[in-house]
Protein chains: 2
Amino acid sequence: MSEPQEQLTPAAERILEAASDLFYWHGIRAVGMEAIAKAAGVTKKTIFDRFGSKDTLIVEYLRRRDRRWRRRMLEVLDQVSEEHPEHKLLATFDALSAWVRDENPRGCAFINAYSEIGDREHPAMDVITGQKQWLIGLLRELADAAGARDPEALTSKLMVLHEGITVMNSIQLSADPIGAGRDAAVTVIRAELPDASAF
Amino acid sequence: MSEPQEQLTPAAERILEAASDLFYWHGIRAVGMEAIAKAAGVTKKTIFDRFGSKDTLIVEYLRRRDRRWRRRMLEVLDQVSEEHPEHKLLATFDALSAWVRDENPRGCAFINAYSEIGDREHPAMDVITGQKQWLIGLLRELADAAGARDPEALTSKLMVLHEGITVMNSIQLSADPIGAGRDAAVTVIRAELPDASAF
DNA sequence: CTAAAAGTATACTGACCGGTGAGGTTACTT
DNA sequence: AAGTAACCTCACCGGTCAGTATACTTTTAG
């Protein structure tokens with residue numbers, strides 16, 4: 001039913017890798033196909049033979065990034081005991097810290113793409129909202145499991161913190177947005193749990 | 001010394017107004033000069049006669065928006081007594097709520113521009129960082145005045161919330177990011193003040 | 001009243017954009 | 001031996017972009 005792991009040809013792999021790098025660092029519209037071809041050591045023809053259009057290449061870029069982000073997040077959460085969902089809730093911020101530090105210094109690729117793509121009918125829109133919805137769903141489940149007083153409100157608050165951390169980290173104007181955001185998350189989670197003993 | 005209120009010609013006024021609208025809603029790179037001319041009921045020549053280049057027009061767009069944002073923020077803060085800096089701290093979120101609701105539904109214009117402009121030498125960069133620095137400075141002063149235990153940390157936390165609210169509001173995937181963010185701010189501010197009686 | 005400033009209309013330049021067409025080479029299957 | 005997928009070269013297309021040129025008209029302020 002679903003595409004399992006679309007094996008890419010060597011050239012296609014290089015193309016997607018180069019495009020991802022350029023798109024993320026310079027913006028989607030700022031990067032031309034010629035530049036991608038050059039960076040990938042490939043001709044423009046090959047790009048269009050493999051991906052068909054710039055729009056599909058954009059979609060693949062976001063899809064792959066989303067996959068990597070989810071994997072990283074789940075890896076971190078797996079190291080936290082199932083018996084402490086409130087610790088998992090906080091651990092999402094540890095995953096975010098690592099992600100933002102290593103691979104996300106220029107802000108959220110999905111939010112950036114969202115603001116760059118004017119057209120709400122663009123095929124990338126589903127990937128973008130999908131990425132956010134996934135995290136919302138994840139936080140919501142953990143908030144429920146942790147027995148939060150108002151799981152939906154807690155989810156919204158933590159989402160605000162997640163996105164705020166990503167943005168503030170990217171502009172590098174605040175001392176330690178990652179640490180500050182995580183500290184705020186601790187305070188917020190603790191305030192939302194009836195059992196004050198957490199952490 | 002400084003340009004006080006650069007009186008614009010009627011056409012220039014319409015140009016800047018039209019450009020601001022288009023830039024904000026469709027993105028800077030997505031909007032061409034021809035489209036701006038059409039929307040302003042003006043010829044392209046007039047645009048270049050008045051503004052010289054697209055880059056300067058972008059800078060003016062951001063400058064004007066920054067001015068309006070600061071004015072709105074200060075108006076709200078002025079209605080809060082000087083004797084309660086912690087209430088002013090919270091009031092920045094009321095100002096943000098109104099701003100985000102009426103004039104900022106597509107995310108922060110400055111962050112959007114930041115992600116769209118690849119070139120870190122672009123003249124708009126100063127306006128962008130200036131806008132953020134201003135809010136950081138404002139929050140920092142209020143945090144000091146409120147006697148926060150760690151004013152710098154509190155500033156960072158509140159900045160994270162400000163930016164997170166703006167982003168989450170723009171993607172419209174979370175129930176009430178404005179309310180949730182404000183609630184989180186209350187919790188965070190209270191936790192940072194030695195005097196627990198606040199609010 | 002008059003001259004400068006501000007505006008109109010239209011046509012243009014040169015660079016770049018996403019995307020295509022025609023054809024050739026290599027390497028692995030069948 | 002034939003077929004095929006995955007590349008390559010390179011010239012080319014229509015379209016759009018920021019910005020300019022020329023020439024004429026309107027607004028405005030001393």
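By convention in this document, chain letters (A, B, ...) are assigned in the order of the sequence lines, proteins followed by strands, and residues within each chain are numbered from 1.
Among the heavy atoms of the strands lying under 4.0 Å from Thr9(B) are primed sugar atoms or P, OP1, OP2 only; no base atom is included.
Between the C1' atom of dT20(C) and the CG atom of Asp49(A) lies a distance of 10 Å, rounded to the nearest Å.
The pair Arg14(B)-Glu17(B) does not meet the salt-bridge criterion, since no charged nitrogen lies less than 4.0 angstrom from a carboxylate oxygen.
The two residues Ala95(B) and Met73(B) have their closest heavy-atom pair at CB-SD, 3.6 Å.
In this structure, a donor-acceptor pair under 3.5 Å is present between the side chains of Ser174(A) and Ser156(B).
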**Request:** Mind running salt bridge (charged side-chain N to carboxylate O under 4.0 Å, His left out) on Glu13(A) and Arg64(A) for me, showing each step along the way?
**Result:** CA-CA 11 Å; Glu13(A) 184 63 41; Arg64(A) 172 172 285 202; 2.7 Å; yes
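Checked against Trp99(B) for a side-chain contact (heavy atoms from CB on, under 4.5 Å), the options Thr166(B), Asp94(B), Asn104(B) give a single hit: Asn104(B).
Here Ala18(B) pairs with Ala39(B), Ala40(B) under the side-chain contact (heavy atoms from CB on, under 4.5 Å) rule; sequence neighbours left out.
A cation-pi arrangement, defined by a distance under 6.0 Å to the six-membered ring centre and an angle within 45 degrees of its axis, is present between Arg120(A) and Tyr114(A).
Ring orientation note: the planes of Trp134(B) and Trp69(B) are nearly perpendicular, at an angle over 60° on the 30°/60° scale.
Near DNA chain C, defined here as any heavy-atom distance below 4.0 Å, there are no residues from residues 10-24 of chain A.
In summary, contact between chain B and DNA chain D, defined as any nucleotide atom under 4.0 Å from a heavy atom of the protein, begins and ends at dA18(D) to dT22(D) in the 5' to 3' direction.
At dA5(C), none of the side-chain N or O atoms of Arg50(B) fall inside 4.0 Å of OP1 or OP2 (strictly under the cut-off).
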**Nucleic acid footprint by protein, nucleotides 21-30 of chain C - heavy-atom cut-off 4.0 Å, B for base, S for sugar-phosphate alone** = BB--------
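Of the two residues contacting DNA chain D, namely Gly52(B) and Thr46(A), the nearest-nucleotide position lying further toward the 5' end is that of Thr46(A).
Bending across the helix from dC1(C)-dG30(D) to dT30(C)-dA1(D), expressed as the angle between its end axes from five pairs apiece, amounts to 10° (10° rounding).
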Might you list the N or O atoms of the protein lying below 3.5 Å from N or O atoms in nucleotides 12-18 of chain C, with each pair's distance?
from	atom 1	to	atom 2	distance (Å)
dG18(C)	OP1	Lys54(A)	NZ	2.6
dG18(C)	OP2	Met33(A)	N	2.8

